[in-house]
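A short write-up of the structure that comes next.
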There are 2 protein chains.
Amino acid sequence: MRSATPLKRRRGRPPKDQAGFSQTKAELIRSGMEVLTEKGYSATGIDEILRRVGVPKGSFYHYFKNKDAFGSELISNYAKFFEHKLDRSLGNRSLPALQRLSLFMQDAIDGMARHQFKRGCLVGNLGQEMGALPESFRRQLIEVFETWQQRLEACLEEAKAAGDISADTDCKQSAYLFWTGWEGAVLRAKLERTPNALQSYADFFINSLK
Amino acid sequence: MRSATPLKRRRGRPPKDQAGFSQTKAELIRSGMEVLTEKGYSATGIDEILRRVGVPKGSFYHYFKNKDAFGSELISNYAKFFEHKLDRSLGNRSLPALQRLSLFMQDAIDGMARHQFKRGCLVGNLGQEMGALPESFRRQLIEVFETWQQRLEACLEEAKAAGDISADTDCKQSAYLFWTGWEGAVLRAKLERTPNALQSYADFFINSLK
DNA sequence: TAAAATATTAGACCGATCGTCTATAAAAAT
DNA sequence: ATTTTTATAGACGATCGGTCTAATATTTTA
């Protein structure tokens with residue numbers, strides 16, 4: 001489980017080659033993402049995130065004001081990453097719209113499988129924990145959902161125009177529903193450690209559009 | 001927020017009127033349920049649960065071996081509570097099967113509204129946290145889902161027999177899907193603090209059966 | 001090239017939390 | 001009446017999370 005990088009890191013101001021890019025910061029974000037999608041925010045200690053990449057505590061508080069600020073950056077980071085993913089998949093005009101959605105879902109299933117279904121969705125994880133999270137996270141998370149919804153809505157509109165889904169589909173509403181249910185499926189896949197919930201939901205949703 | 005019950009509790013062995021029933025233990029479970037459905041397991045400390053009901057630590061560890069045992073009892077308790085609820089709603093033969101499901105959902109929505117959508121579902125909450133929870137919780141949670149699924153499956157079979165839903169519906173599969181998506185909707189309702197996700201999902205699911 | 005400024009690492013520190021343990025109290029059993 | 005059982009009371013130590021100050025190495029500037 002442990003990555004255990006006991007390498008002594010260089011102290012002092014680093015050589016100025018990398019333009020505004022910090023390797024250490026990137027490592028912290030990656031490490032944080034891994035742990036948070038598995039265990040959630042509250043259950044995760046900074047120490048664990050640091051240990052994984054062999055970074056001392058001082059560095060963490062150099063790059064982030066505190067744990068909350070770190071969490072907030074994780075959300076932004078995840079959102080951006082996911083947005084690009086959606087643009088490449090749902091927005092890929094060289095494929096039929098509905099097929100793009102199917103591919104996206106299969107891709108996500110494969111992704112979860114690669115981590116033995118131990119890692120979920122950051123947005124879902126934090127959403128569930130809202131009661132223990134800083135209030136500022138709420139808006140951020142809601143906005144992320146809205147972004148995803150817009151991407152899917154556009155895709156569904158294309159499917160409708162192509163006559164692949166029922167002409168009276170409310171694409172906005174369908175897109176909203178999709179993400180709601182999808183999060184449920186991710187949660188359950190994580191609980192059961194199988195792709196079953198995701199696969200079922202994928203088929204179900206596609207079918208509901210026709 | 002605080003209930004602040006600074007009442008000095010009776011010390012010593014209690015009068016033997018109540019047959020095997022402990023008021024204090026019940027209070028701890030209720031208190032724990034409230035906090036855990038809001039903040040989750042990891043984010044909640046024993047002290048907070050105790051403070052709410054004015055019970056000292058000694059009592060907690062008198063009734064429960066440790067936090068994990070407490071959590072496990074919470075799950076059992078929640079499962080039993082919910083099972084009865086489902087029996088009364090989904091199993092109420094004096095109503096059309098589909099209508100029972102609608103009523104159950106509306107009831108749940110009202111319930112969440114009463115707590116300003118701050119409390120979610122214990123099973124969903126813990127499921128999401130699995131990465132940080134004792135492995136024994138997993139089986140327990142999966143089994144709870146299965147129980148719920150069976151209740152709904154039976155209800156759907158009745159609806160099918162009555163001709164209210166498509167004759168080729170796979171009731172078991174539909175029931176599985178329902179709970180998967182429902183948890184997603186609960187999560188989102190909690191995030192957005194509105195009944196919107198639940199309402200949408202309710203309509204969507206009922207519609208998908210026809 | 002020496003001093004000042006800056007960027008980063010290092011880890012001490014404090015408070016909170018978990019679980020244990022001992023003391024106390026009151027009722028029941030003998 | 002004495003002992004046993006059931007339960008509350010809360011102090012205590014170990015551990016851990018988050019913050020903060022000191023130390024160190026590099027750049028910048030003069």
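Note on naming: letters A, B, ... go to the chains in the order of the sequence lines (proteins, then strands), and numbering restarts at 1 for each one.
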Determine the contact category for B:Phe60: base if any of its heavy atoms lies under 4.0 Å from a base atom, sugar-phosphate if only primed atoms, P, OP1 or OP2 are that close, otherwise nothing.
nothing
OP1 or OP2 of C:dT20 under 4.0 Å from side-chain N/O of B:Tyr61: no
* Asked: Is B:Ser59 near enough to D:dA7 that one of its side-chain N or O atoms lies under 4.0 angstrom from OP1 or OP2?
  -> no
For the residue pair A:Phe70 and A:Phe64, categorise the inter-ring angle as parallel (less than 30°), tilted (30 to 60°) or perpendicular (more than 60°). perpendicular
Quick test: give all pairs of protein nitrogen or oxygen and nucleotides 13-17 of chain C nitrogen or oxygen below 3.5 Å, distance rounded to 0.1 Å.
none

Those residues at least two apart in sequence (or on a different chain) that pass side chain to side chain donor-acceptor pair (under 3.5 Å) with B:Thr180 are A:Arg188
Separation of D:dG17 atom P from A:Lys65 atom NZ, nearest Å, is 20 Å
Centroid separation A:Tyr176 to B:Phe204 less than 6.0 Å = no
Residue pairs meeting ring pair (Phe, Tyr, Trp, His ring centres under 6.0 Å), one or both in residues 24-57 of chain B, sequence neighbours left out, come to B:Tyr41-B:Phe137
In short, salt bridge (Lys or Arg N to Asp or Glu O under 4.0 Å) pairs touching residues 97-109 of chain A with sequence neighbours left out are A:Arg100-A:Glu158
Ordered by number, residues from residues 125-135 of chain A within less than 4.0 Å of DNA chain C (heavy atoms) are none
Taken to the nearest whole Å, CZ/B:Phe64 to P/C:dC18 is 15 Å
query = B:His62 side chain N/O closer than 4.0 Å to the phosphate oxygens (OP1, OP2) of D:dA7?
reply = yes
Contacts satisfying salt bridge (Lys or Arg N to Asp or Glu O under 4.0 Å) that involve residues 54-71 of chain B (not counting sequence neighbours) are B:Asp47-B:Lys57
From CD of A:Glu48 across to C1' of D:dG18 the rounded distance in Å is 15 Å
From OH of B:Tyr41 across to C1' of C:dC18 the rounded distance in Å is 11 Å
Across all chains, not counting sequence neighbours, the salt bridge (Lys or Arg N to Asp or Glu O under 4.0 Å) partners of A:Lys80 are none
Rounded to whole Å, the OH-P distance (B:Tyr63 to D:dT8) equals 4 Å
note: B:Gln23, atom CD; D:dT6, atom C1'; distance rounded to Å ~ 16 Å
Taken to the nearest whole Å, NZ/B:Lys25 to C1'/D:dT8 is 16 Å
Salt bridge (Lys or Arg N to Asp or Glu O under 4.0 Å) filter on B:Lys172, not counting sequence neighbours, yields none
Which donor-acceptor pairs under 3.5 Å do side chains of residues 108-115 of chain B form with protein atoms, sequence neighbours excluded?
| from | atom 1 | to | atom 2 | distance (Å) |
| --- | --- | --- | --- | --- |
| B:Asp110 | OD1 | B:Gln106 | NE2 | 3.2 |
| B:His115 | ND1 | B:Gly111 | O | 3.3 |
| B:His115 | NE2 | B:Arg119 | NH1 | 3.1 |

